[in-house]
Amino acid sequence: MDQQDLFPDIAERLNKVRIARALALLSPLQKHLFYLIPFLMHQNSVLYPGYHHPNTPCGINGYIEGSRESLACDVFKLPFTSQELDTYAFEGVYAMGSTASFGQNAKSDVDVWLVHHAQLCDEDLALIRTKADRLTAWFADYHFEVNFYLVHPQQFSGGQKGRSACQSSMAHEHSGSTQHWLLLEEFYRSQIRLAGKTIAWWPDAKLNPDLLYLGNVDELPASEYFGASLWQLYKGLNKPHKALIKVLLLEAYASEYPHSHLLCDRLWQKTLAGDFSASNDAYYSIYEAIETYLLKQNDTRRLEIVRRCFYLKCGVYLSRAQHGKDWRYPKMQQLVQEWQWPDSLINTLDDCEHWHSGQLNWFNEQLNELLLASYQTLLRFASTHELNEGLRIEELGMLTRKLHTYFTQDEDQIAKLNLLWSNSVAESEVTMVSSSRESQYYLYRQDPQPKNLLGESAICKGKTPSALMIWACLNGVSTPDTKWYEFGQSKLKSKRLTDAAKRLLHFIDHDWRVSKRDLCQPWHFRKLIFVLNLDCDPTINWRGQEMMVDLMNANVFSLGRKKENMLGALDAICLNSWGEWQCHRFEGDTAVLQALAFVTPGLRRASLPVDMDVISCSQKLRPQLKLAVKNLLKQTARLCQQAQQSSILVQPLQISHIRYGIFFNPLGMAYEDLSDAKSFYQQLSRSHLVQLPRPSLGDDPFSSMPNIIQNFAAKGAIQYFLRQRGGNLDVFILDEENQLSHYVQHGSNMSELVNKVSHHYVFDEHYAARARFNIPQFFHLVRVAGDLTVAPFGIDITDQDAEF
């Protein structure tokens with residue numbers, strides 16, 4: 001007998017071991033839900049969850065319902081029917097990922113591959129997707145996360161054409177075009193057959209109609225490592241500990257290329273040798289491969305962080321006597337002894353649900369640093385190869401833009417604290433300490449007693465008190481019950497800080513959804529908060545009467561005989577359409593003008609009204625300052641939308657001793673000292689708003705650019721606007737500072753240029769080291785009904801509103 005004839009039975013034995021391990025880690029209710037996964041995909045009846053259409057394809061090859069499914073139906077008050085179908089929609093239903101492995105914990109989801117019949121049409125697949133989405137929602141009602149993925153049987157073996165036809169678009173849980181063979185390798189090493197055909201996942205598998213063969217993972221190309229590493233970084237935005245383990249496995253594989261010893265092959269060799277122990281585990285084998293690689297590199301620092309990530313991912317709490325001891329416990333105990341971990345470290349890791357923001361900050365910083373280090377290693381490896389031919393450029397653009405919003409080195413951006421496992425990071429008291437030497441503010445999670453601060457580490461640092469405050473409010477550190485202090489300052493100052501934090505909390509919601517359309521367009525503002533005089537307050541020394549200011553409708557920017565400006569500092573806190581929170585500081589007499597000039601482009605690009613507010617923190621004149629600045633802000637939002645190509649709008653404003661003119665045009669807002677322009681000053685004195693003809697453009701580079709491009713110009717982003725004219729390509733480029741260049745590419749088409757430019761920005765060493773993920777956005781200039789329009793390059797219009 002050919003040895004390969006024995007392989008299906010050996011694979012089935014491992015499958016039964018994995019199902020037993022999976023069930024051992026599930027609650028009694030979750031076990032019943034687990035059995036219902038294939039059962040509900042096999043049925044299509046109005047009596048069952050997920051049903052929505054009588055023509056939805058159903059049936060699994062060779063599946064027969066049994067007593068376990070019958071009991072599960074009883075538990076959920078569902079009818080039990082057993083039927084043999086003449087036709088079937090699915091070759092098999094398989095769980096994959098961390099299920100049944102060391103990596104399965106109480107919060108783990110179940111990823112399910114639905115390998116469908118090759119002949120199903122697009123309409124059939126759409127019906128199945130809708131049913132799968134409904135089933136995901138039904139399982140979620142029982143706090144059991146199940147994600148379904150439709151897989152074509154030739155998705156991996158049908159060549160580039162078959163791959164493109166079968167590929168799902170990128171989404172939160174769908175990697176799209178970023179990985180292909182690496183995804184299949186992960187499936188092979190971790191799959192559990194819930195129903196249907198046995199997977200032929202061993203090396204050199206022979207074709208057999210009774211088995212399901214999806215492809216040969218030995219064909220893994222070097223070019224795929226880059227896309228897969230980007231995908232893992234994206235997944236790491238939510239679960240960096242998991243992503244670090246995955247990306248380090250990629251690094252280990254790349255170090256052996258082209259003779260990488262894949263984990264699915266290692267697992268199969270152990271299985272053939274009769275090893276069905278906990279050591280022959282899909283998730284533990286990942287750690288084992290990484291450990292071997294890092295020990296060869298003599299990289300003990302990264303290895304220590306990986307060990308902590310592995311321990312935390314598994315959720316086996318060795319220090320908790322009351323915690324159940326499942327099949328992983330002995331192996332984990334052995335590993336911890338080999339790692340020589342002290343009890344104090346184990347206790348700290350087991351208490352991860354109660355980590356405070358300082359502990360989380362430290363751990364997140366380590367994870368981000370190591371993730372980026374691995375990415376750079378894989379980038380250098382991939383740079384000797386072309387971009388993966390299957391990697392869609394539009395998906396590359398979305399991923400890198402999303403990563404840029406997180407990993408940017410912009411010091412004005414407010415970092416998002418990943419809570420990881422922690423239930424809450426709220427503090428009852430926080431203290432700010434200023435360092436004049438470093439021009440920084442530090443935030444501590446203690447009251448302002450010196451003995452309490454001694455030896456403690458700051459949980460956050462920033463350039464201004466507002467930056468610390470918005471960080472604490474956004475990340476759950478500051479709540480309505482939190483008391484704020486500034487070290488060495490009065491109780492009155494502490495009360496002002498506490499009041500400001502409470503008002504800021506009212507303005508913040510956590511619905512920061514970002515769509516694919518958002519990431520492929522220039523950013524605009526969604527929320528805008530001006531915080532006035534929080535730490536620089538001229539009103540403290542003002543001796544006037546607030547009532548008189550109201551009666552005389554006085555100008556708070558030029559008050560009294562001395563013409564004093566009561567606005568000392570302004571912090572603009574903003575949320576943009578890319579999901580970035582930022583805090584920008586403006587101070588001095590022209591603070592309000594600087595702030596308005598800064599926010600105007602982001603207001604002008606917004607298609608919907610921006611949520612705006614002003615928080616005045618001054619000791620005196622609080623309502624008057626708020627009203628004056630809020631009116632200016634509203635007027636700016638209105639006028640920047642009204643400004644036309646043919647003219648400029650001018651608004652006068654007296655600040656201290658100087659009369660300023662605020663100029664609005666389609667590119668934004670500017671301001672000028674009008675003291676020397678006598679006739680112009682007289683005109684402004686008679687009218688609040690003046691419209692001027694636009695001056696001659698002269699050599700202005702924007703004069704040669706289509707007007708519509710001006711509406712897309714956004715600082716901080718590199719933008720390419722492309723227009724095909726016969727065999728030539730018009731290329732307009734706006735760099736990060738909005739500097740324009742224009743050239744004509746002869747004999748080139750749009751896709752070729754986009755691929756070439758993307759490759760340059762991804763792999764150019766100087767650029768990659770400086771900006772990492774800020775690759776250009778590409779737009780297509782095309783005429784619709786005679787008007788020139790701008791559309792993001794390559795994005796499916798039916799999918800652009802999906803959250804990403």
Side-chain angles (χ1 to χ4, degrees), residues 1-22 37-39 41-42 57-66 84-97 99-101 111-120 128 148-159 162-163 165-166 180-220 262-276 280 282 285:
M1 178 183 287
D2 189 336
Q3 190 184 17
Q4 285 244 4
D5 295 335
L6 302 173
F7 288 177
D9 292 334
I10 296 171
E12 184 56 25
R13 184 182 170 193
L14 178 63
N15 196 66
K16 288 178 179 177
V17 169
R18 286 181 170 176
I19 288 178
R21 287 177 178 168
I37 292 172
F39 178 80
M41 292 308 306
H42 187 65
C58 63
I60 305 169
N61 187 0
Y63 177 67
I64 300 174
E65 306 89 337
E84 290 189 25
L85 301 173
D86 295 332
T87 59
Y88 58 88
F90 303 103
E91 301 285 1
V93 175
Y94 311 89
M96 61 90 70
T99 304
S101 76
D111 291 336
V112 177
W113 278 25
L114 305 172
V115 183
H116 60 81
H117 198 283
Q119 302 305 317
L120 293 184
I128 294 172
F148 293 97
Y149 302 88
L150 273 174
V151 177
H152 191 286
Q154 277 90 52
Q155 185 163 320
F156 298 92
S157 58
R163 172 183 173 181
C166 306
H180 185 67
W181 295 112
L182 283 163
L183 182 62
L184 181 61
E185 193 271 330
E186 181 184 359
F187 176 75
Y188 275 177
R189 70 171 180 262
S190 64
Q191 50 87 22
I192 306 168
R193 185 179 68 86
L194 303 181
K197 292 182 176 181
T198 296
I199 298 289
W201 61 280
W202 46 86
D204 304 316
K206 292 184 178 178
L207 296 180
N208 183 330
D210 296 326
L211 304 174
L212 184 59
Y213 177 70
L214 295 177
N216 180 11
V217 291
D218 290 334
E219 297 176 14
L220 174 60
L262 302 179
L263 288 187
C264 59
D265 292 345
R266 299 186 202 185
L267 284 164
W268 180 251
Q269 293 306 320
K270 284 187 175 182
T271 305
L272 272 187
D275 183 358
F276 293 89
N280 189 16
S285 66

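The analysis underlying the following values was restricted to heavy atoms, covering all of them including side chains, and did not include hydrogens, waters or symmetry mates.
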Point to revise | Over all atoms of both residues, closest heavy-atom pair of Ile19 and Arg193 | key: CD1-O, 3.8 Å
Review point. Please walk me through it: do Lys197 and Tyr94 pass side chain to side chain contact (heavy atoms under 4.5 Å, CB included)?
Key: CA-CA 10 Å; Lys197 292 182 176 181; Tyr94 311 89; 4.0 Å; yes
Exercise for review: Please report the closest heavy-atom contact between Leu114 and Met41, naming both atoms and the distance.
Suggested key: CD1-CE, 3.7 Å
Check your understanding: Which heavy-atom pair separates Ile192 from Ala100 by the least distance, and what is that distance?
Key -> CD1-CB, 3.4 Å
Check your understanding: Does Glu91 use its side chain to pair, donor to acceptor, with the backbone of Gly196 at less than 3.5 Å?
Key -> no
Point to revise | Side chain Arg18, main chain Gln191, donor-acceptor under 3.5 Å | key: yes
Point to revise | Asp111 (side chain) donor-acceptor with Gly97 (main chain) under 3.5 angstrom | key: no
Review point. Say you draw a straight line from CD of Glu186 to CG of Leu263; how long is it, rounded to the nearest 0.5 Å?
Key: 10.0 Å
Practice item. Could you pull out the closest heavy-atom pair between Leu214 and Phe156, with the gap in Å? Key: O-CB, 3.1 Å
Point to revise | Leu194 side, atom CG; Ile60 side, atom CD1 - distance, nearest 0.5 Å | key: 8.5 Å
Study note, to complete from the structure: One should read off an interatomic distance between Phe187 CZ and Tyr149 OH, to the nearest 0.5 angstrom, of 12.5 Å
Check your understanding: CG/Leu120 to CZ/Phe90 distance, rounded to the nearest 0.5 angstrom?
Key -> 7.5 Å
Point to revise | Pairwise distance CG(Asp218) to SG(Cys264) - rounded to 0.5 angstrom | key: 7.5 Å
Review point. When you measure from the side chain of Ser157 to the backbone N and O of Gly215, does any donor-acceptor pair fall under 3.5 Å?
Key: no
Below 3.5 Å, can you tabulate the donor-acceptor pairs from side chains in residues 200-211 to any protein atom, sequence neighbours excluded?
{"from": "Trp202", "atom 1": "NE1", "to": "Gln4", "atom 2": "OE1", "distance (Å)": "3.1"}
{"from": "Lys206", "atom 1": "NZ", "to": "Asp2", "atom 2": "OD2", "distance (Å)": "2.5"}
{"from": "Asn208", "atom 1": "OD1", "to": "Asp210", "atom 2": "N", "distance (Å)": "2.8"}

**Study point:** Any side-chain heavy-atom pair of Trp268 and Tyr188 under 4.5 Å
**Key:** no
Point to revise | Non-hydrogen atoms of Asn216 and Trp181 that approach each other most closely | key: O-CZ3, 3.5 Å
**Study point:** Separation between CG of Asn61 and OH of Tyr88, rounded to the nearest 0.5 Å
**Key:** 4.0 Å
Review point. If you take all heavy atoms of Ala89 and Pro57, which pair is closest and at what distance?
Key: CB-CB, 3.6 Å
